[in-house]
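Chain identifiers are assigned alphabetically (A, B, ...) following the order of the sequence lines, protein sequences preceding nucleic acid strands; residue numbering begins at 1 within each chain. All figures in this text were calculated on a predicted structure; none of them were measured in a lab.
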Protein chains: 2
Amino acid sequence: MTRPALQVALDYTVLNPALDAARRLAGHVDIIEAGTLLCFACGMDAVRALRADHPGRTLVADLKVADAGETLAELAFDAGASWMTVICAAPLATMERALEVAKARGGDIQIELFGNWTLDDAREWYRLGLRQAIFHRGRDAQAAGQTWGQKDLDQLKALSDIGLEMSVTGGISPADLPLFRDISAKVFIAGRALYGAADPITAAATFQDAISAIWGE
Amino acid sequence: MTRPALQVALDYTVLNPALDAARRLAGHVDIIEAGTLLCFACGMDAVRALRADHPGRTLVADLKVADAGETLAELAFDAGASWMTVICAAPLATMERALEVAKARGGDIQIELFGNWTLDDAREWYRLGLRQAIFHRGRDAQAAGQTWGQKDLDQLKALSDIGLEMSVTGGISPADLPLFRDISAKVFIAGRALYGAADPITAAATFQDAISAIWGE
């Protein structure tokens, strides 16, 4: 199994601190994400600025697209995104159109899982050509006390078995990583656990060491 | 039943044409919406600029929030939004937090319906204090040939009966309005059917006349 990547989600409402955090962490993470919050605060300027600062890097625009898949994909990929997220509640037509734009530009689409979805939905996404999904323990769900449980892990395993490569996010700590040993984990996403740490570089290194300890260098 | 309002959804990717369209149509519609596309293209500058141009007007920020309800609501309402949308796939905690911020500022939250949701979900939203939902025949679904059907109308009626005031959108024409006679229709939303018309003001007047013909002045 390929070693999972570490992604920093920049959930800022102001651009410059987000750019500073990305510059500080760029040598210590694999993927940079312009969070939904940052994209709504600053528009595609956020994606353009991150792309200018990190030309060769995988850059995610976390738009959670629900409609207008083609136009939003053009917006995100023109701004420099490598991957864009689409919410699982979107119509299949939205996913298809976003994926077409992504593929034409060498990019990819990730289905972000929220609310009511089924494994039949996931099989349909796979059939459409989608290969990535994001399993999300939401910020508000975390605050409400929901933790990683067997149900999460069973769902992750079932999605992996369908053939989807999983990004996992939502209050993950390095100590949680062994939980995900048996799934097709492509990316672990952390936000404030990285850039909000007293020492962000050490925080990222601790994550990377924990990934290496399970999946190898 | 209160006369439904007419809302123009500004689905632009560039700010100035959106502001021009809003100025042109402001006297002929009731509500102005900063579309998801415009908000992702330009960030909250779009909401701020529309608020500056239309100080007393109901202004919707169509963010389709899925997570981080409190922070995104602060962003939208600080920028001048009157109402903000949350996607139905969001956790209840996200809806609750967004609603708290909205209520504290005299605003409101609208649940935007996409994908898999149930009437039990809708009852739960109502129980949380939510009173508005948006029934959405998506742009991509329209392009894929889906039309208004009995199933849509039955769902709208069931949501109305729960107590939700409905906004209806997705390729609505004035000729469609009689379909919605028996539901609690609060708002009809149109985008390019208004600002993309050869004569936007006449297009808006035709909508308003059709609303008046059914619901009165």
Side-chain angles (χ1 to χ4, degrees), chain A residues 11-13 15 35-47 61-72 74-76 78-79 84-85 87-98 112-118 121 136-146 169-170 191, chain B residues 11-13 15 34-47 61-72 74-76 78-79 85 87-98 112-118 121 136-146 169-170 191:
Chain A
D11 284 321
Y12 285 84
T13 56
L15 187 53
T36 314
L37 203 52
L38 184 64
C39 291
F40 271 136
C42 308
M44 285 303 101
D45 284 350
V47 176
D62 184 22
L63 306 195
K64 300 183 176 72
V65 168
D67 194 14
E70 182 175 353
T71 315
L72 279 166
E74 285 169 357
L75 201 70
D78 284 353
M84 182 186 80
T85 64
I87 198 158
C88 61
L92 293 177
T94 297
M95 297 179 183
E96 267 186 304
R97 281 153 185 254
E112 197 151 353
L113 302 171
F114 272 97
N116 303 335
W117 53 271
T118 67
D121 293 332
H136 206 280
R137 192 165 60 112
R139 184 187 296 191
D140 295 320
Q142 289 167 53
Q146 292 176 31
T169 184
Chain B
D11 283 322
Y12 286 83
T13 56
L15 188 53
T36 314
L37 203 52
L38 184 65
C39 290
F40 272 136
C42 308
M44 285 304 102
D45 284 351
V47 176
D62 184 21
L63 305 195
K64 299 182 176 74
V65 168
D67 195 15
E70 182 175 353
T71 315
L72 279 166
E74 285 169 356
L75 202 69
D78 284 352
T85 65
I87 198 159
C88 62
L92 294 177
T94 297
M95 299 179 182
E96 267 185 303
R97 281 153 187 255
E112 197 152 353
L113 302 171
F114 273 97
N116 304 334
W117 53 271
T118 67
D121 292 333
H136 206 278
R137 193 163 61 110
R139 182 185 299 191
D140 295 321
Q142 289 168 54
Q146 292 176 33
T169 184

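Both the backbone and the side chain of Leu72(B) come within contact range of chain A, judged by heavy atoms closer than 4.5 Å. For Cys39(B), the parts sitting under 4.5 Å from any heavy atom of chain A are the backbone and the side chain alike. For a residue to count as touching a neighbouring chain, one of its non-hydrogen atoms must lie under 4.5 Å from one of that chain's; by this rule Leu63(A) touches chain B with backbone and side chain alike.
The CD atom of Glu74(A) sits 10.0 Å away from atom CG of Leu37(B), with the distance rounded to the nearest 0.5 Å. Asp67(B) contributes atom CG, which lies 9.0 Å from atom CD1 of Ile87(A) (distance to the nearest 0.5 angstrom). With rounding to the nearest 0.5 Å, the separation of OG1 in Thr71(A) from OH in Tyr12(B) is 13.5 Å.
Summarising the geometry of Phe114(B) relative to Ala66(A), their closest heavy-atom pair is CE2-O, 3.3 Å, with the distance given to 0.1 Å.
Put simply, the side chain of Asp121(B) reaches to within 4.5 Å of the side chain of Asn116(A), judged on heavy atoms.
Put simply, of Cys42(A), Ala61(A), Ala79(A), Gly35(A), the one with the most heavy-atom pairs under 4.5 Å next to chain B is Cys42(A).
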